[in-house]
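Have a look at the structure below before the remarks.
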Amino acid sequence: MKYAFLISILSMIALDIHGQIPGLPISKFYSSKEYQGGIQNFAISQSESGLIYVANNFGLLEYDGTTWRRFSLPNSTKIRDVSINENGNIYVAGQGEFGYFQTDALGFLKYHSLLNLLPDAYKNLEEIWKIFFLHDKIIFCTFQEVFTFSDSHELISIIENKPEFESFHLSNNRVFANKIQNGLHILENGKFYAEDFGDTFKEKLVTGIISQGNSQKLVFTRDHGIYSSSPAGVVKWENEVPSTSKINEAIRLKNGNLAIGTQSNGLFVLNDSGNIILHMDKENGLQNNSVISLFEDISGNLWIGHNNGITLLELSLPFRLIDQYAGLPGTGYNAINHKGSIYYGTNNGLSVQKFEKEKPLPIEAISGSSGQVYRISEIQDKLLMAHNDGAFTIKDYRAIPAGGFGGVWNFQSLKDRPDLVIAGSYNGLLLYGFEREQLKFLRKLKGFDESSRILEQDMDGTIWMTHGYKGVYRLRPNKELDSLDVKYYGTESGLPTSLLISVWKINNRLIFSTEYGIYSYNAQEDKFEKDQFFAKYFDYDFLATSMVEDPLGNIFFIGDKEVGVLEKQINGSYVKNHQIFNKIIPFLNDDLQNISLIRSNEVLFAANDGFIWYKLENKTPSTPSFPAIIRAVYLTGQSDSLVFHGNYQPLDTEFAGKEESTYPAFAYDAANVRFEFSNPIPNNENSTQFQFWLEGFEEEFGEWTYKRDKAYTNLREGKYTFHVRSKNIYGQISDANTYSFKVSPPWYRSALAFLIYFMLSMATAYAIFRLVEKRYHKKTIRITDSQRKALIQKETALKNSQEEIEKLRNEKLESEIQAKDKELASATMHLINKNGFIDQTKTHLNSIIKKSKNQEVKSEIEKVILSIDKNIAGDKDWEQFEIHFDQVHGDFMTRFKKQYPDLSPQEIKLSAYLRMNLSSKEIAYLMNISTRGIEIARYRLRKKMQLERTANLQEFILKF
């Protein structure tokens, strides 16, 4: 069994490495009605900013990721080829006309013909088929002549040919031409020379040349297959393209594969060995079998120009669609790889895709399986199908009923009884066993009747079932396997909710996904708790709707916010990769989401239409983030006026960097502006978001939106810059594109209007001034005499009034001084009385201490004395005293401090008390010191004031 399993795994790996990728790439078809052009598309190219250009029957098509535009040649003829040089000039060649389109200052593509640079004898052209850039030269090819121009559009040479050329090709920076009668030639030094072994291609139409090295190349012919040419000769190249295929075009892709377009067999993608990797035709993903042009864009997407329409294939994405175009109709639910074949379960039944010599064969339906398939499981090397009609065994590509009840969701092999199978059904659990290699119904387990879609077993065989809107059930079968011991877990068991809970086996343990993150079961405490392992990879409210772990430890997941994979690293850590999966979110099954493991690194996502194949090793860098493009600017009104057409020189989109004088100016009454914008990422019309900001009107960028236009109305005069940037499905934010403009003020707010307003105001003011001046001059003369008399009377009265006021002021001042003296005296006496009382109390307390023998009483009295001392020392009455004192004694304190700045606060107080003519005893009470202390303080004050011995200190202070 071990060896068989190992051989099976090795065969899967071999198939995985060398086999063809199943399914079809994500694609989109553009009909001629959609791009509003002709049916035929002869060539495709792309600008540096990401715009796609197509040479079409009706002219030049331009695609910006959202909309198509068409530009015609002067003679309105077909365009056969289009190429864009590094300067952004779009060179075109058509019927009787060739030249280039170039962007003007207003973003309009203007056509410049090169036909008039030819001598008159050569101007009567028919078809110009090809354009090549070779070093600093531009080569235009017709069947009769080849014209070479310099990059400054000077004609360098004309090469004539007889017999006529039949086709032209550029390979490895060399130009080849095939002549109808002479075979393959190469352009060197302004002439075409016969290529070695070139005569092999006489009478063969060469449709492509691809280099395989300096001396070897593949030559593709329309009707005779593919040849390999080298110095040793020309031989047929062995490949799998049918010999009846008519090859129209062949290119080398960036990954080294070859893309071949045929006349009626669609598209082939081959590897270097000639094996078909991808084949698409009308029955297999294409809308049209005729391929006349191929182009691989900057992002690795393949553009196909049909005889009627254009197809985009997103080959760079690591996804393939296995849907109705790949032969699998219906909504996908579950899939499995069993013995080298892939089985697909859909709402239409079960299908299988076999492989022959490592190549997938057409998908076939399994007989007897029609209807809703929920799960396909491999148990005991047998393939089981859980179906709406019940349980089935798949044997010899037939569905064999197992009997029992209908409506089976899934299967679980019992841990201790691998010969028995538990099935979750619409109404509880069913027990099955194997009989002659087929599944047979035994009985329904009693005691539980809930719908059991999601089941898992833990290490001891306990079955855990999660219900979509009820919670979690622990189910333990009894020994007889005829009934179940059931325990329910809800929010009271640590779960944040009872809704949308699922159980998965990851890292060989069970985890439970909820609306608020992932939880695990703590058996010791019999409750659920937040699982810390996943906390660092998902938000706290992440809801997983499907999870699966591959043999390498990678964890694939589908969630309510994102889809992706946790890639296991060598050191055991994980790296989350999810941005690229945003591409497939719109395709996923919105009924029962599921990820089916096919092999290591390889899974199938259930989709609304079939499945989406993904292989982790095939991941590629996401689409380059092209800058957002302002495609049009309109002045809106009764009829919109286009003022900017949204074409640019290469990556030169910064209008804000231009001189202000070059900004377009819009009239005030027409300042209603609408901007249309896009991003050239193809096939993302409904998923690319935009953010915009009108500088000068708004503070910053607004919210992200899917809208592709923005209008502003009634803008005031001023300077404005419109900014727009985009965000693709991978979260990449593009560089902002800008468009700057000015709004002119209305005529009544123009500079000239304000000058006229100023001049009129000055003239009016001067006239009013002169009129008033004359009126008041006459009035002045009349009242001058009366004013003079009144003035004399007022002067007399004023003099009397001033004398009276002065008298009243003096009386008021004397009254205020008396009041202040009373306040000062009252405050002083209050201090004297208070401090005297406190001193007596202190003395009395000291005597009590001396008389008392109680040490505890002594201690308490000493605390009181200490408090008294602090009260006297911290007395704030002095501040109030100082205010009144200065008011009464003419700022004595201020002057005294200024004269004697070195005096201490105590000496200042002593000076103030001496100024009040207080006795030494009264001062001693106020300062809380002895009378002897006052005498010492007076002595020190005299010394600091440097008074002579004969001078009386108190008299000096009274006179100061």
Side-chain angles (χ1 to χ4, degrees), residues 23-28 65-66 299-301 312-326 328 330-335 346-347 500 502 504 513 515 517-518 534 537-539 541-548 554-567 575-598 602-616 618-625 679 681-690 704-708 726-734:
L24 302 172
I26 296 174
S27 64
K28 181 168 184 178
T66 305
S299 305
N301 303 310
L312 165 68
L313 299 182
E314 298 191 62
L315 293 181
S316 62
L317 294 175
F319 304 108
R320 292 293 183 266
L321 302 180
I322 304 174
D323 54 13
Q324 58 180 327
Y325 299 107
L328 182 68
T331 299
Y333 280 84
N334 190 241
T346 72
N347 65 321
L500 303 178
S502 301
W504 320 101
S513 58
E515 289 182 294
I518 296 176
F534 291 97
Y537 302 110
F538 301 118
D539 293 339
D541 58 348
F542 174 77
L543 171 63
T545 54
S546 183
M547 298 184 78
V548 65
N554 301 307
I555 303 171
F556 297 85
F557 62 87
I558 298 176
D560 59 335
K561 297 178 181 178
E562 60 188 16
V563 178
V565 57
L566 298 180
E567 301 178 38
V575 173
K576 184 165 76 169
N577 173 23
H578 67 94
Q579 288 86 354
I580 198 168
F581 292 87
N582 292 337
K583 185 70 179 180
I584 67 171
I585 291 177
F587 299 94
L588 296 179
N589 184 330
D590 55 14
D591 176 22
L592 300 177
Q593 296 185 329
N594 178 264
I595 307 173
S596 301
L597 181 64
I598 301 303
E602 191 173 346
V603 295
L604 289 173
F605 291 89
N608 286 328
D609 190 1
F611 293 86
I612 302 171
W613 174 91
Y614 171 77
K615 185 175 182 181
L616 184 58
N618 283 359
K619 65 179 180 180
T620 57
S622 59
T623 303
S625 179
N679 190 295
I681 301 174
N683 204 14
N684 283 273
E685 296 90 339
N686 300 319
S687 57
T688 303
Q689 298 182 66
F690 294 89
W704 290 104
T705 176
Y706 292 99
K707 289 181 58 179
R708 293 176 179 263
S726 61
K727 181 170 65 174
N728 61 21
I729 59 175
Y730 310 117
Q732 296 172 314
I733 298 177
S734 73

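Atoms considered below: every heavy atom in the structure, side chains included; atoms not considered: hydrogens, waters and symmetry mates. The residues of the chain are indexed from 1 along the displayed sequence.
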At what distance, to the nearest 0.5 angstrom, does [atom1] of [X] lie from [atom2] of [Y]?
{"X": "Ile681", "Y": "Asn683", "atom1": "CD1", "atom2": "CG", "value": "11.0 Å"}
{"X": "Tyr537", "Y": "Phe542", "atom1": "OH", "atom2": "CZ", "value": "13.5 Å"}
{"X": "Lys727", "Y": "Trp704", "atom1": "NZ", "atom2": "CH2", "value": "5.5 Å"}
{"X": "Gln732", "Y": "Thr688", "atom1": "CD", "atom2": "OG1", "value": "11.0 Å"}
{"X": "Ile585", "Y": "Ile729", "atom1": "CD1", "atom2": "CD1", "value": "8.0 Å"}
{"X": "Arg320", "Y": "Glu314", "atom1": "CZ", "atom2": "CD", "value": "10.5 Å"}

Can you check whether [X] reaches [Y] side chain to side chain, under 4.5 Å on heavy atoms?
{"X": "Ile518", "Y": "Phe557", "value": "no"}
{"X": "Tyr333", "Y": "Asn589", "value": "yes"}
{"X": "Ile580", "Y": "Tyr730", "value": "yes"}
{"X": "Asn679", "Y": "Asn728", "value": "no"}
{"X": "Asp541", "Y": "Lys561", "value": "yes"}
{"X": "Leu604", "Y": "Ile322", "value": "yes"}
{"X": "Leu588", "Y": "Ile612", "value": "yes"}
{"X": "Thr346", "Y": "Thr331", "value": "no"}

Can you list the steps and then say if Asp590 with Asn608 is a side-chain contact (heavy atoms from CB on, under 4.5 Å)? CA-CA 7 Å; Asp590 55 14; Asn608 286 328; 3.4 Å; yes
So, for [X] and [Y], which heavy atoms are closest and what is the spacing to 0.1 Å?
{"X": "Ala606", "Y": "Gly332", "value": "CB-O, 3.2 Å"}
{"X": "Asn334", "Y": "Ser596", "value": "ND2-OG, 3.2 Å"}
{"X": "Gln689", "Y": "Tyr706", "value": "CG-CE2, 3.4 Å"}
{"X": "Ala326", "Y": "Gly23", "value": "CB-CA, 4.5 Å"}
{"X": "Leu315", "Y": "Gly300", "value": "CB-O, 3.9 Å"}
{"X": "Lys583", "Y": "Pro682", "value": "NZ-O, 4.5 Å"}

Is the backbone N or O of [Y] less than 3.5 Å from a side-chain atom of [X], with the two atoms forming a donor-acceptor pair by type?
{"X": "Asp560", "Y": "Leu543", "result": "yes"}
{"X": "Ser726", "Y": "Ser734", "result": "no"}
{"X": "Ser502", "Y": "Thr545", "result": "no"}

Under the salt bridge (Lys or Arg N to Asp or Glu O under 4.0 Å) test, which residues partner Glu685, sequence neighbours left out?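 For Glu685 the salt bridge (Lys or Arg N to Asp or Glu O under 4.0 Å) partners, ignoring immediate neighbours, are Lys28.
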List in chain and number order the residues that pass salt bridge (Lys or Arg N to Asp or Glu O under 4.0 Å) with Asp539, two or more places apart in sequence or in another chain; answer none if no residue qualifies.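 Asp539 satisfies salt bridge (Lys or Arg N to Asp or Glu O under 4.0 Å) with no other residue.
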Compute the ring centroids of Phe581 and Tyr614, then answer whether they are less than 6.0 Å apart.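 Yes; Tyr614 has its ring centre under 6.0 Å from that of Phe581.
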Apply side-chain contact (heavy atoms from CB on, under 4.5 Å) to Trp613 and Ile598, showing your working. CA-CA 9 Å; Trp613 174 91; Ile598 301 303; 5.6 Å; no
Does a donor on one side chain sit under 3.5 Å from an acceptor on the other, for Ser316 and Ser299?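 Side-chain D/A pair, Ser316 to Ser299: absent.
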More than 12 heavy atoms of other residues, nucleotides or ligands under 6.0 Å from CZ of Phe690: yes or no?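 Yes, enclosed.
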